[in-house]
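The structure appears below as structure tokens.
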Amino acid sequence: MLDFKKFTLGNGLRVIYHEDRSTPLVCMNILYDVGARDEDASRTGFAHLFEHLMFGGSVNIPSYDEPLQRVGGENNAFTSNDITNYYLTVPTANLETAFWLESDRMLSLAFSEKSLEVQRNVVIEEFKQRYLNQPYGDIWLLMRPVVYKKHPYLWDTIGKEISHIAEAKMEDVKAFFRKFYSPNNAIMVLAGNVSLDEVKRLSEKWFGPIPKGTDNKRNLPVEPEQKEFRSLTVEREVPFNSIYKTYHMCSRKDKEFYAVDLLSDILSDGNSSRLYNELVKNKKMFSELNAYADDSMDKGMFVISGKVLDGFSMDAAEKAVEAELDKLKNEKVQEKELQKVQNKVEATLEFSEMNIMNKALNFAIAELMGDANQVNKEAEKYLAVNNNEVQTQAKQIFRRENCSTLYYLAKK
């Protein structure tokens with residue numbers, strides 16, 4: 001059981017505090033409730049661009065990294081379709097430096113043309129290197145528009161196309177910042193070797209004066225139910241034919257998520273999992289084969305992906321995967337097999353509680369979903385799943401008309 005305290009500043013910033021005296025460090029995690037799904041369809045990639053811009057200097061601090069490194073701190077960030085998350089660790093004695101740095105960039109970025117140009121070029125280069133010029137790099141640029149037709153999950157966090165970033169104007173960037181990077185659209189977690197009184201004092205001192213932003217009410221288009229099988233076939237300069245079978249599933253917030261997540265573990269978590277055992281180890285059809293349940297805040301994707309070994313046709317490989325899915329639909333998972341994956345999840349959750357950065361992020365996401373205390377209920381929700389629920393989800397998800405498949409072929 002992880003203890004925590006929570007308070008909210010006058011400007012709407014939610015602050016969560018978790019004490020951990022076993023470490024000399026404190027982790028500060030700031031989650032902004034903005035991701036790629038909040039972008040304009042004609043200006044995609046902005047949330048990810050901002051992840052970079054936030055390190056390009058703020059109104060009073062020209063360089064973010066330098067002062068943090070001087071006091072022994074480390075930092076990083078990531079963007080998803082749902083959130084943008086910044087985190088750092090510092091020795092307890094230097095915690096105020098973290099408050100100074102993070103509050104200043106929440107207050108206002110420097111917004112220089114030079115910084116925009118530098119970060120824009122960094123993102124464009126990343127787009128080219130990771131998504132266009134890397135083997136299998138363009139999979140989700142291709143796949144998302146097949147799976148989604150209305151919901152903004154239809155583009156990847158990097159954006160739809162390079163031109164959206166290349167043509168980003170300063171006024172667009174400023175408007176995006178004003179709309180989303182405000183205290184009332186953020187959750188701050190402090191985890192580590194620090195007192196609650198000190199966290200309250202520093203929060204009020206550094207974040208209290210920042211003005212509240214506008215209240216953003218999401219009104220995203222709902223993805224209609226998929227009623228027909230969809231597919232896309234491409235040829236690329238890659239070593240193996242690959243297949244990506246993608247099914248619509250519930251959201252991370254739905255109670256069914258726990259059964260769906262366990263379903264993905266039964267299929268592909270470890271060497272005793274079904275897909276590995278049957279199709280990688282025994283039949284040697286795939287060099288690798290994975291299944292995972294997307295943890296998106298809106299309805300997400302259940303993905304099965306694999307690289308098909310030479311000597312097997314794409315058709316035979318796909319049928320072999322579908323045969324394994326049919327087993328889950330037609331026969332209940334044995335109690336022993338279910339318990340094994342449940343125990344593994346429980347152990348993983350417990351292990352993650354040993355790291356202050358994991359704890360801070362988990363608290364932030366739980367609070368975003370409505371209740372920070374969900375952190376303490378996750379394990380019991382997984383353990384409460386029964387084999388009827390697993391079978392129900394298999395039947396619901398693994399329907400041909402609910403599937404979009406990418407056949408990613410190696411050029412002959």
Side-chain angles (χ1 to χ4, degrees), residues 2-34 50 54-55 58-61 64-65 67-68 70-77 83-109 177-216 355-375:
L2 295 177
D3 289 330
F4 69 96
K5 298 285 187 292
K6 181 182 150 186
F7 58 93
T8 304
L9 300 185
N11 55 18
L13 178 65
R14 287 174 276 174
V15 185
I16 294 166
Y17 160 79
H18 167 70
E19 182 180 34
D20 184 344
R21 296 293 179 182
S22 69
T23 172
L25 304 172
V26 181
C27 174
M28 174 186 275
N29 190 103
I30 299 185
L31 182 155
Y32 288 93
D33 186 8
V34 56
F50 257 91
M54 289 284 270
F55 292 98
S58 52
V59 65
N60 298 306
I61 304 166
Y64 177 93
D65 286 328
L68 186 66
R70 267 207 310 267
V71 298
E74 294 181 352
N75 73 90
N76 216 325
I83 63 170
T84 310
N85 195 68
Y86 300 86
Y87 55 97
L88 61 83
T89 54
V90 283
T92 300
N94 300 324
L95 179 58
E96 191 154 10
T97 300
F99 274 89
W100 169 61
L101 286 167
E102 288 294 341
S103 63
D104 203 60
R105 63 180 179 178
M106 185 187 282
L107 174 67
S108 184
L109 291 184
F177 180 84
R178 282 194 297 270
K179 186 172 183 184
F180 295 110
Y181 287 79
S182 57
N184 49 304
N185 203 47
I187 297 163
M188 179 166 72
V189 182
L190 280 301
N193 194 349
V194 63
S195 71
L196 177 61
D197 286 347
E198 183 70 347
V199 167
K200 282 184 172 175
R201 182 183 75 80
L202 292 172
S203 298
E204 287 290 357
K205 176 181 175 181
W206 290 104
F207 286 92
I210 300 173
K212 182 180 178 179
T214 53
D215 287 320
N216 296 312
N355 181 300
I356 53 170
M357 285 198 290
N358 286 344
K359 287 191 282 190
L361 176 60
N362 290 343
F363 272 122
I365 289 173
E367 178 63 22
L368 181 67
M369 294 199 316
D371 179 12
N373 196 43
Q374 284 299 327
V375 164

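Predicted model, so just to flag it, every value in this text is computed and none were measured. No hydrogens, no waters, no symmetry mates; every other heavy atom, side chains included, goes into these values. Along the sequence shown, residues carry numbers from 1.
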request  = Supply the atom-to-atom distance Tyr181 OH to Leu107 CG, rounded to the nearest 0.5 angstrom.
outcome  = 15.5 Å

query = Can you name the nearest heavy-atom pair linking Ile210 to Ser103, along with the distance?
reply = CD1-O, 3.4 Å

task = Tell me, with the steps shown, if Ile83 and Leu368 meet side-chain contact (heavy atoms from CB on, under 4.5 Å).
result = CA-CA 10 Å; Ile83 63 170; Leu368 181 67; 3.5 Å; yes

remark   = Residues passing the salt bridge (Lys or Arg N to Asp or Glu O under 4.0 Å) test with Asp104, sequence neighbours excluded, are none

inquiry  = Less than 4.5 Å apart, side chain to side chain, heavy atoms only: is that true for Tyr64 and Asn75?
reply    = yes

query = What's the verdict on side-chain contact (heavy atoms from CB on, under 4.5 Å) for Phe363 and His18, showing C-alpha distance, side-chain angles and the deciding distance?
reply = CA-CA 9 Å; Phe363 272 122; His18 167 70; 3.8 Å; yes

request  = Output all residues satisfying side chain to side chain donor-acceptor pair (under 3.5 Å) with Asn94, sequence neighbours left out; order by chain, then residue number.
outcome  = none

Side chain to side chain contact (heavy atoms under 4.5 Å, CB included) against Lys212, all qualifying residues, sequence neighbours excluded = Asn11, Asn184, Asp215

inquiry  = I'd like to check the ring pair (Phe, Tyr, Trp, His ring centres under 6.0 Å) partners of Tyr17; sequence neighbours left out, ordered by chain and number.
reply    = none

Derivation of the side-chain contact (heavy atoms from CB on, under 4.5 Å) call for Leu95 and Leu190 = CA-CA 10 Å; Leu95 179 58; Leu190 280 301; 4.1 Å; yes

task = With side-chain hydrogen bond (donor to acceptor under 3.5 Å, both in side chains) as the test, would you mind laying out the steps for Glu96 and Trp206 before giving the verdict?
result = CA-CA 9 Å; Glu96 191 154 10; Trp206 290 104; 2.9 Å; yes

key: Non-neighbouring partners of Lys200 that pass salt bridge (Lys or Arg N to Asp or Glu O under 4.0 Å), sequence neighbours left out   = none

task = First locate atom CZ of Arg21, then atom OG1 of Thr92, and finally report the distance between them rounded to the nearest 0.5 Å.
result = 7.5 Å

remark   = One should read off an interatomic distance between Met188 CE and Leu31 CG, to the nearest 0.5 angstrom, of 12.5 Å

inquiry  = Ring-plane angle category for Tyr86 and Phe55, please: parallel below 30°, perpendicular beyond 60°, tilted otherwise.
reply    = tilted

Residues that Glu367 engages under side chain to side chain contact (heavy atoms under 4.5 Å, CB included), provided they are two or more places apart = Lys6, Arg14, Ile16, Ile187, Ala372

Set of side chain to side chain donor-acceptor pair (under 3.5 Å) partners for Asp20, sequence neighbours left out = Ser22, Lys359

note = OG1 (Thr97) and CE (Met28) are apart, to the nearest 0.5 Å, by 10.0 Å

message = Taking the side chain as everything from C-beta on, heavy atoms only, tell me whether Leu88 gets closer than 4.5 Å to Cys27.
response = no

task = Quick one: closest heavy-atom pair of Ser58 and Ser108, and the distance?
result = CB-O, 3.4 Å

ask   = How would you list, by chain and number, every residue that makes a side chain to side chain contact (heavy atoms under 4.5 Å, CB included) with Pro24, sequence neighbours excluded?
value = none

key: Sequence-distant partners of Glu74, salt bridge (Lys or Arg N to Asp or Glu O under 4.0 Å), two or more places apart   = none

task = Mind listing the closest non-hydrogen atom pair of Ser203 and Leu9 along with its distance?
result = O-CD1, 3.6 Å

inquiry  = Could you report the tightest heavy-atom contact between Ser182 and Met106, atom names first, then the distance?
reply    = C-SD, 4.3 Å

message = Once rounded to the nearest 0.5 Å, what's the spacing between atom CD of Glu102 and atom CG of Leu68?
response = 8.5 Å

Minimal non-hydrogen separation, Ala77 against Tyr87, with atom names = N-CE2, 3.9 Å

task = Please list, chain by chain and in numerical order, all residues satisfying side chain to side chain donor-acceptor pair (under 3.5 Å) with Asn29, sequence neighbours excluded.
result = Asn85

ask   = Is there a side-chain contact between Leu109 and Val59 (heavy atoms, below 4.5 Å)?
value = no

message = Checking Asn373 now: which residues fulfil side chain to side chain contact (heavy atoms under 4.5 Å, CB included) with it, not counting sequence neighbours?
response = Met1, Phe4, Asp371, Asn376, Lys377

note = Paired with Phe180, the side-chain contact (heavy atoms from CB on, under 4.5 Å) test is passed by just one of Thr84, Asp33, Asn185, namely Asn185

From Phe7 atom CZ to Glu204 atom CD, the distance as rounded to the nearest 0.5 Å = 7.0 Å

note = Between Gly192 and Ile356 the two heavy atoms that sit nearest each other are CA-CG2, 4.3 Å

note = Residues passing the salt bridge (Lys or Arg N to Asp or Glu O under 4.0 Å) test with Glu198, sequence neighbours excluded, are Arg201

message = Counting C-beta onward and ignoring hydrogens, is there a side-chain heavy-atom pair between Leu25 and Val90 closer than 4.5 Å?
response = no

Met54 atom CE, neighbour heavy-atom count above 12 within 6.0 Å = yes

